[in-house]
Amino acid sequence: MENGEGRPRPLGQLTPNVYVETGTRGCDPGFVVTSDGVVVIDTPQLPTHALAMRQQAESHGPIRYVVNTEHHVDHIFGNYFFAGAGLVVHHQGVFDNFMTVYDLDPFAFAVKAAEDDDPEGAKLIPERGEYYDDPNKGDIVFTGDVTLRLGEHTFELIHTPGHTPGQIAVHVPQERTVFTGDTIFSGCQTWLMTSDVDQWLRSLDRIARLDVDHVVPGHGAITTLEAVREQRAVLLGWQSAVADAVAKGWSREETIQRVNFAEACRTDVGLDHLIDYIQAENAGALYDSLIGSERGAC
């Protein structure tokens, strides 16, 4: 969130202890206040937003943990600006793939985003080599599911692979809230690329079983568990359309040209220029996955 002069506004308060930033370039990061400090969940991509979020979080107590839900740049680039603030926690899959994004240069992507949407923040980004020397990645790295306890709060870190291999959701039962990361895109374009759709669908089932009132997605507006059904429909729509293209004998190029969901919903903030890229890469990745599966079955 930004004020009229382009500076980040304080994060919105979702529950008495949960604060979330939505409506700006990057993911939907937030933090949870406990009686023994603060847990940050994902970090803002834009530098001034990361610093503002850190300041706001620390006004409630020391930051104990910074948890990343995935390895993509929009969820982790802000870690650099949280150096020294608590232990960084993420799944092994996040650690192994930290700051890799399909066929994009993630550092250049982050710099360009800051130049476009956070020019003051762009001046704070170090040189590439300095950044990669210590981007502030995992201090605590786990596999499977893990439960953290801090003060009176429980944080269930649930492995929800599909969008990425190390994807997690962070369930905070005391706040009746789950941060899903990019397992849910709320009302905006879904990025498939290197995803495993079948795993993703199973992960949605896990989230659907949670007893929560608030769903903080990876991108888009805060929502409810109704978003699980909507995300499932998006995934199945893409999968069905590309499977139909394969059944018709279309080539990869024909599939990319003809399968398009650009009109289904908007892109997330600041990504309008990538709408054609998203459509082409989604269709191409699913085509490759289906053709690969067919060949493997022969």
Side-chain angles (χ1 to χ4, degrees), residues 1 11-34 38-45 53 65-70 72 74-76 89-91 94 145-148 153-164 166-192 195 197 199-238 264-269 271:
M1 296 177 289
L11 276 67
Q13 189 170 7
L14 180 60
T15 75
N17 297 300
V18 175
Y19 296 79
V20 182
E21 179 179 71
T22 61
T24 57
R25 182 78 176 262
C27 71
D28 290 350
F31 62 84
V32 181
V33 178
T34 81
V38 178
V39 176
V40 171
I41 303 168
D42 284 332
T43 54
Q45 178 180 335
M53 178 172 160
Y65 299 105
V66 175
V67 181
N68 296 122
T69 64
E70 64 169 79
H72 287 157
D74 50 330
H75 295 256
I76 62 171
V89 182
H90 45 231
H91 191 274
V94 178
D145 300 342
V146 163
T147 298
L148 297 176
H153 281 73
T154 301
F155 297 82
E156 298 174 353
L157 311 187
I158 305 168
H159 187 209
T160 51
H163 177 67
T164 65
Q167 198 80 31
I168 65 166
V170 182
H171 177 214
V172 191
Q174 290 82 3
E175 304 298 326
R176 300 188 60 79
T177 297
V178 62
F179 291 75
T180 68
D182 285 7
T183 300
I184 292 180
F185 288 75
S186 176
C188 58
Q189 287 284 331
T190 293
W191 290 54
L192 295 169
S195 301
V197 172
Q199 280 189 336
W200 195 333
L201 292 168
R202 291 193 292 272
S203 292
L204 285 170
D205 289 340
R206 293 199 72 186
I207 291 172
R209 291 193 290 270
L210 299 176
D211 184 16
V212 296
D213 296 325
H214 312 290
V215 172
V216 181
H219 296 270
I222 294 168
T223 183
T224 66
L225 286 175
E226 176 65 16
V228 171
R229 181 191 63 78
E230 294 168 353
Q231 185 65 64
R232 178 181 293 278
V234 169
L235 296 178
L236 291 174
W238 268 105
C265 59
R266 61 179 179 82
T267 62
D268 198 15
V269 177
L271 300 179

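Worth knowing before you read on, the calculation uses all heavy atoms, side chains too, and leaves out hydrogens, waters and symmetry mates.
- Atom CD1 of I222 is separated from atom OG1 of T224 by 12.0 Å, given to the nearest 0.5 angstrom.
- No donor-acceptor contact under 3.5 angstrom links the side chains of H75 and Q45, judged on distance only.
- Looking at residues two or more places apart in sequence or on another chain, you find no salt bridge (charged side-chain N to carboxylate O under 4.0 Å, His left out) involving R209.
- For T223, the side chain to side chain contact (heavy atoms under 4.5 Å, CB included) criterion is met by S186, V215, A227, not counting sequence neighbours.
- If you take OG1 on T160 and CD on E70, they are separated by 9.5 Å, rounding to the nearest 0.5 Å.
- Inter-residue side-chain proximity for H153 and V32 is flagged as met; some heavy-atom pair is nearer than 4.5 Å.
- Looking at S203, its side chain does come within 3.5 Å of a backbone N or O of P161 through a donor-acceptor pair.
- In this structure, R266 has no side-chain hydrogen bond (donor to acceptor under 3.5 Å, both in side chains) partners at least two apart in sequence or on a different chain.
- Checked against side-chain hydrogen bond (donor to acceptor under 3.5 Å, both in side chains), R232 has the following partners two or more places apart in sequence or in another chain: D205.
- Contact annotation: the side chain of T154 approaches that of T147 to within less than 4.5 Å [non-hydrogen atoms, C-beta and beyond].
- Nearest heavy-atom pair, G30 versus M53, reported as atom, atom and distance to 0.1 Å: O-CE, 3.1 Å.
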Trace of the side-chain contact (heavy atoms from CB on, under 4.5 Å) decision for L235 with L204: CA-CA 11 Å; L235 296 178; L204 285 170; 3.9 Å; yes

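- A donor atom on one side chain and an acceptor atom on the other are found under 3.5 Å apart for Q231 and T190.
- In this structure F155 satisfies the ring-ring contact (aromatic ring centres under 6.0 Å, His included) test with no other residue, sequence neighbours excluded.
- A 4.5 Å side-chain heavy-atom check between V216 and L14 finds at least one atom pair inside the cut-off.
- Side-chain atoms of L148 and V39, non-hydrogen and from C-beta on, never get closer than 4.5 Å to each other.
- Under the ring-ring contact (aromatic ring centres under 6.0 Å, His included) criterion, H171 pairs with no residue at all, not counting sequence neighbours.
- With sequence neighbours excluded, no residue satisfies salt bridge (charged side-chain N to carboxylate O under 4.0 Å, His left out) with D182.
- Listed by first then second residue, pairs satisfying salt bridge (charged side-chain N to carboxylate O under 4.0 Å, His left out) with a partner in residues 24-33 read R25-D117, not counting sequence neighbours.
- Smallest separation of non-hydrogen atoms from L225 and L210: CD1-O, 3.3 Å.
- Among residues two or more places apart in sequence or in another chain, the side-chain hydrogen bond (donor to acceptor under 3.5 Å, both in side chains) test is passed with T43 by N79.
- Looking at W200, its side chain does come within 3.5 Å of a backbone N or O of T183 through a donor-acceptor pair.
- Expressed to the nearest 0.5 Å, how far CD1 of I41 lies from CG of N68 amounts to 10.5 Å.
- Partners of R176 by salt bridge (charged side-chain N to carboxylate O under 4.0 Å, His left out), not counting sequence neighbours, listed by chain and number: D211, D213.
- Taking 4.5 Å as the limit, some side-chain heavy atom of P44 sits within range of a side-chain heavy atom of E21.
- Put simply, CZ on F179 and CD1 on I184 are 13.0 Å apart, with the number rounded to the nearest 0.5 Å.
- Atom OH of residue Y19 and atom CD of residue Q13 lie 3.5 Å apart, to the nearest 0.5 angstrom.
- Pairing each heavy atom of L192 with each of W238, the nearest pair is CD1-CG, 3.7 Å.
- Looking only at atom types and distance, the side chain of E175 has a donor-acceptor partner in the side chain of T15 under 3.5 Å away.
- Listed by chain and number, the residues in a ring-ring contact (aromatic ring centres under 6.0 Å, His included) with H91 are F142, H159 (sequence neighbours excluded).
- Residue T267 comes nearest to C188 through the heavy atom pair C-CB, 4.0 Å, listed as atom of the first residue, atom of the second, then distance.
- Residue L157 holds its CG atom at 4.5 Å from CD1 of I168, rounded to the nearest 0.5 Å.
- Every residue was checked against the side-chain hydrogen bond (donor to acceptor under 3.5 Å, both in side chains) condition with Q199, not counting sequence neighbours, and none meets it.
- Taking every heavy atom of both residues into account, G26 and H219 meet most closely at O-ND1, 3.3 Å.
- A169 and T180 make their closest contact through CB-CA, 4.1 Å (heavy atoms, listed as atom of the first residue, atom of the second, distance).
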